[in-house]
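Predicted model only: the values in this text are computed from it and were never measured. Side-chain atoms are counted along with the backbone in the values below, which use heavy atoms only and exclude waters and symmetry mates. Lettering follows sequence order; numbering is per chain, from 1.
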Amino acid sequence: MSPVEMNLEARFDAYVAEEKKIEPKDWMPDAYRKTLIRQISQHAHSEIVGMLPEGNWISRAPSLKRKAILLAKVQDEAGHGLYLYSAAETLGVTRDQMLQDLHAGKAKYSSIFNYPTLTWADMGAVGWLVDGAAIMNQVPLCKCSYGPYARAMVRVCKEESFHQRQGFQVMLNLAQGTPEQKAMAQDALNRWWWPSLMMFGPSDADSPHSAQSMKWNIKRFSNDELRQRFVDMTVPQSELLGLTLPDPDLKWNEERGHYDFGAINWDEFYNVIKGNGPCNKERLGARVKAYEDGAWVRDAANAYATKEAARQKNANASTHAA
Amino acid sequence: MSESKHEWPLWEVFIRSRQGLGHKHAGSLHAADAQMAIQNARDVYTRRQEGVSIWVVPAEAITASSPDDKDVLFDPANDKVYRHPTFYKLPDEVNNM
């Protein structure tokens, strides 16, 4: 490393240590840039793929009100994906490159979206648990050391709050409904609980990027810490709903001041990440199809813009000539 | 064969949140032309009445100062404390000047 680079790196380290933000044109270590591109693009992909399980229920929502809410929520997810793609682009990666990586199966997205949404109650469970876990992960990112990512996350977090609340309300309505409705809510909870806990990622010991990301102030809390917080927050909410979390080992630990919970099936987690979840192929297929089906629209808009620009130029030229 | 190898250009989006305030950078997006950039900005950045006016600027049209010039550009202001009102200690009688 040259003296100039050492100097730059020292300044970067000092900035991060002082909780200052790094902005796009500031010098940053290559590994920091790569880590952010990977994390932000994965995050963006998760928002975009995350539209699919809920999109499934837009045309099947039980009322016009629920349909309007679900539409707004799915539109928000699209917006969140776009904020995040933009933030990643400030690091020098192109949108096309990110989409290619997603479509080629090279880029990852949150494995939770590879599970199917089988009943209307899943819209409740997804909002309550999946968005709840996402918020738990995302709030600390509002203070991440990279400015554009932090700013995007502030917007995302503000908007996510309605997502979780509407989900809880769906669960509440079902839990207070007929026995069949309550059973439907319980079934959704049974299916979404464990995958939601997996959303926080592998245990700290098995999380390859965690330590470095903590040092760079990209990550503020460990996966296990956030997961514990989520469990502690969710248990009383499930009691309020009168539903049972599907974990026989779940119990309050007076000494720790936290809930103990059962072992997570990490084999399942890694298997879904590897592409063997119930919906991996369907999700990626839907994204690729949407992209390919939209190609003529992108081309047409480009052609129109080029033509319009030429027309403008000619018009200006003739005005000047006159 | 599709010619969509060229992605739509990048636009920076500035939003005036209400009358009386300046436009503030909100983020960026891709669009084929200015009109589409405005429409996309409306959908991406003002879903909750965050704005009453939108500017879109082609990202490549922006000239930015370099972080390396930070010292040259901004340090000279550092030792001119007399530009701030608190530099002047005045008698209590003129407290609110």
Side-chain angles (χ1 to χ4, degrees), chain A residues 4 8 11-12 15 22-28 71-73 75-90 94-100 147-148 151-152 154-156 158-159 161-162 291-309 311-312, chain B residues 1-18 23-51 54-75 78:
Chain A
V4 177
L8 287 168
R11 197 166 67 178
F12 171 88
Y15 255 61
I22 307 299
E23 293 295 343
K25 294 180 84 181
D26 291 334
W27 185 91
M28 61 188 84
L71 267 171
K73 180 178 189 297
Q75 193 192 14
D76 271 355
E77 311 296 3
H80 297 173
L82 295 177
Y83 308 155
L84 288 162
Y85 281 133
S86 296
E89 284 175 273
T90 63
T94 65
R95 182 83 55 108
D96 274 354
Q97 184 62 53
M98 287 186 276
L99 293 181
Q100 274 173 31
R151 291 192 285 277
V154 170
R155 289 188 71 95
V156 169
K158 266 190 205 160
E159 298 180 354
S161 148
F162 118 70
Y291 186 76
E292 285 175 353
D293 289 353
W296 71 270
V297 180
R298 294 191 297 277
D299 290 346
N302 262 339
Y304 177 77
T306 311
K307 224 172 174 177
E308 269 304 291
R311 200 173 290 160
Q312 284 271 330
Chain B
M1 183 58 206
S2 144
E3 288 175 33
S4 61
K5 288 296 153 228
H6 292 287
E7 60 180 21
W8 290 342
L10 188 68
W11 301 76
E12 297 299 330
V13 179
F14 300 82
I15 309 262
R16 184 201 296 288
S17 58
R18 59 184 162 87
H23 287 73
K24 193 176 163 224
H25 186 237
S28 54
L29 49 77
H30 289 270
D33 58 27
Q35 195 194 351
M36 187 194 281
I38 294 265
Q39 284 165 352
N40 288 357
R42 170 202 174 268
D43 288 344
V44 179
Y45 292 107
T46 66
R47 287 192 303 282
R48 288 173 175 76
Q49 296 182 293
E50 289 95 336
I54 300 171
W55 286 351
V56 290
V57 182
E60 60 173 20
I62 291 178
T63 307
S65 66
S66 160
D68 299 337
D69 295 339
K70 202 147 66 185
D71 295 350
V72 183
L73 288 175
F74 307 113
D75 268 9
N78 203 17

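The shortest non-hydrogen separation linking A32(B) to N302(A) is CB-N, 4.1 Å. Annotation for D96(A) and E7(B): closest pair N-OE1, 2.8 Å, computed over non-hydrogen atoms.
For the set S28(B), A34(B), A64(B), the entry with the most heavy-atom pairs within less than 4.5 Å of chain A is S28(B). Chosen from S86(A), A303(A), A305(A), A87(A), the residue pairing most often with chain B at heavy-atom distances under 4.5 Å is S86(A).
L8(A) contributes atom CG, which lies 7.5 Å from atom CG of D68(B) (distance to the nearest 0.5 angstrom). Atom CG of residue D69(B) and atom NZ of residue K25(A) lie 9.0 Å apart, to the nearest 0.5 angstrom.
With a threshold of 4.5 angstrom between heavy atoms, E159(A) approaches chain B through its backbone and through its side chain. Using a 4.5 Å cut-off between heavy atoms, E308(A) makes no contact with chain B at all.
Between the Y83(A) side chain and the Y45(B) main chain, no donor and acceptor come within less than 3.5 Å of each other.
At a threshold of 4.5 Å between non-hydrogen side-chain atoms, the residues E50(B) and R155(A) count as touching. With a 4.5 Å cut-off on side-chain heavy atoms, Y304(A) and M36(B) do not count as touching.
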**Report entry** Residue pair D76(A), R48(B): steps toward the salt bridge (charged side-chain N to carboxylate O under 4.0 Å, His left out) verdict
**Finding:** CA-CA 10 Å; D76(A) 271 355; R48(B) 288 173 175 76; 2.5 Å; yes

Requested in this report: Evaluate side chain to side chain contact (heavy atoms under 4.5 Å, CB included) for E89(A) paired with H30(B), printing each intermediate quantity in order.
Outcome: CA-CA 11 Å; E89(A) 284 175 273; H30(B) 289 270; 2.5 Å; yes

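A 6.0 Å sphere centred on CZ of R42(B) holds no more than 12 heavy atoms belonging to other residues, nucleotides or ligands. Counting heavy-atom neighbours within 6.0 Å of Q75(A) CD, excluding the residue itself, gives a total above 12.
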